[in-house]
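One structure is given below, encoded as structure tokens.
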Amino acid sequence: MGVSVVLWPLVAALVCWLVGVHARLKRLRTACWLAVDQVDRGLQALLLVAKEALDRPDPATKAHEVLTVAALQLSLCLKTMKSGKRMSGREDEPLALGVQWSELSVAWELFCGVHQDLIEAQALAGLRNAWDEAHNHALFAKTTANQTMQDYNAALQQAPASWVAGRMGFVLATPL
């Protein structure tokens, strides 16, 4: 009887601790998902600006084609990221997103350079301002997401949580 008096409170404390660890890690993982959603919104805004620029009745140029392909590739990358688990422990998805984002930025600069004389100056300035605003939003969202993922990864690697996090289904997040 003396053993059960000591054993039951220890088991109850262990269960409460496990529930607390799970709730904390789940809250941090949800924060990561929300931060990644903000990155997605920022990149979708970039795609909208690119679409607006491509819908102009200017003569089609090679820059149109390059920007169209870059926008489609980034769009596909975003759909892949949204359809799969965001924190699968795989590094190829965030790397692909970064590559597609930089390709879109290069294609945008090429488009603006080629169409500098074809699009009226005020319209091009409006497009550039919209692009800069969306790009800054996406960069801020990326920085926030990376910080959130660092916090989550740190929580996963802290001892005693690191002893049980893997068994609870939590994996490290790969920064964007």
Side-chain angles (χ1 to χ4, degrees), residues 20-55 63 66-116 123-162 164-166 168-176:
V21 166
H22 185 268
R24 177 175 183 244
L25 293 176
K26 193 173 179 181
R27 186 183 74 248
L28 289 170
R29 183 174 59 188
T30 301
C32 289
W33 288 344
L34 292 174
V36 170
D37 282 341
Q38 289 297 323
V39 173
D40 180 55
R41 286 189 192 110
L43 292 176
Q44 291 294 342
L46 283 177
L47 290 172
L48 284 175
V49 174
K51 182 183 181 315
E52 182 181 335
L54 290 170
D55 287 344
V66 171
L67 185 59
T68 301
V69 169
L72 287 174
Q73 288 176 341
L74 180 62
S75 179
L76 288 173
C77 190
L78 288 173
K79 285 182 183 179
T80 301
M81 183 182 74
K82 287 174 83 173
S83 67
K85 285 186 170 182
R86 293 187 185 108
M87 288 179 284
S88 60
R90 295 176 42 195
E91 294 185 12
D92 57 338
E93 290 176 3
L95 290 176
L97 182 67
V99 168
Q100 297 305 324
W101 187 354
S102 63
E103 285 182 11
L104 181 68
S105 295
V106 169
W108 174 256
E109 290 303 321
L110 175 68
F111 179 86
C112 288
V114 168
H115 290 87
Q116 188 170 331
L124 186 60
L127 287 171
R128 283 183 186 246
N129 286 340
W131 176 271
D132 289 341
E133 184 178 318
H135 192 260
N136 289 337
H137 177 265
L139 285 175
F140 179 76
K142 178 184 174 188
T143 303
T144 303
N146 286 338
Q147 181 61 49
T148 305
M149 288 180 192
Q150 280 182 333
D151 295 344
Y152 170 75
N153 288 341
L156 284 179
Q157 294 172 348
Q158 289 175 348
S162 64
V164 294
M168 291 182 177
F170 295 98
V171 296
L172 291 173
T174 304
L176 302 173

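This structure is a prediction, so every number in the text was calculated from the model and none was measured.
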At what distance, to the nearest 0.5 angstrom, does CD of Gln100 lie from CD of Gln73? 4.5 Å

Taking C-beta and beyond as the side chain, do His137 and Gln38 meet within less than 4.5 Å on heavy atoms? yes

Heavy-atom nearest pair, Leu28 first then Ala155, reads CD1-CB, 3.4 Å

pair Leu54-Phe111: side-chain heavy atoms closer than 4.5 Å: yes

Minimum heavy-atom distance Met149-Leu176, with the two atoms named: CE-CG, 4.3 Å

Check whether any side-chain heavy atom of Trp101 sits under 4.5 Å from a side-chain heavy atom of His135, and report yes or no. yes

Check against side chain to side chain contact (heavy atoms under 4.5 Å, CB included), Leu97 and Leu43: CA-CA 10 Å; Leu97 182 67; Leu43 292 176; 3.7 Å; yes

Heavy-atom check, side chain of Glu103 versus side chain of Val69, under 4.5 Å: no

At their closest point, which heavy atom of Phe170 faces which heavy atom of Leu156, and how far apart are they? CB-CD2, 3.5 Å

Is the shortest side-chain heavy-atom distance between Leu47 and Leu104 below 4.5 Å? yes

Kindly say whether Val36 contributes a backbone atom to a donor-acceptor pair with the side chain of Asp40 at under 3.5 angstrom? no

Which distance, rounded to the nearest 0.5 Å, do you find between the CG of Leu48 and the CG of Leu46? 9.0 Å

If we only count heavy atoms from C-beta on, is the Leu67 to Leu110 side-chain gap below 4.5 Å? no

For the student: nearest non-hydrogen atoms of Gly113 and Arg128, plus distance: N-NH2, 4.3 Å

Where do Ala107 and Val66 come nearest, in terms of heavy atoms and distance? CB-CG1, 3.7 Å

Residue pair Phe140, Thr144: steps toward the side chain to side chain contact (heavy atoms under 4.5 Å, CB included) verdict: CA-CA 6 Å; Phe140 179 76; Thr144 303; 3.7 Å; yes

From OG (Ser102) to CG (Leu74), nearest 0.5 Å: 9.5 Å

Rounding to 0.5 Å, atoms OG1 (Thr148) and CG (Leu34) come to a distance of 9.0 Å

Would you say the side chain of Leu78 lies within less than 4.5 Å of the side chain of Gln44, judging by non-hydrogen atoms? yes

Angle class for the Trp108/Trp131 ring planes (parallel below 30°, perpendicular above 60°, tilted otherwise)? parallel

Using a 6.0 Å cut-off, check whether atom CD of Gln158 has over 12 heavy atoms from anything other than its own residue. yes

For Gln147, enumerate each residue passing the side-chain hydrogen bond (donor to acceptor under 3.5 Å, both in side chains) test, keeping only those at least two apart in sequence or located in another chain. Asp151

Please report the shortest heavy-atom distance between Pro94 and Pro175, naming the atom on each side. CB-O, 3.4 Å

Can Asp37 and Arg41 be counted as an ion pair, charged N to O under 4.0 angstrom? no

Look at the side chain of Ser75 and the backbone N and O of Ala71, then say whether any donor-acceptor pair between them is shorter than 3.5 Å. no

Pairwise distance NE2(His115) to CG(Leu124) - rounded to 0.5 angstrom: 9.5 Å

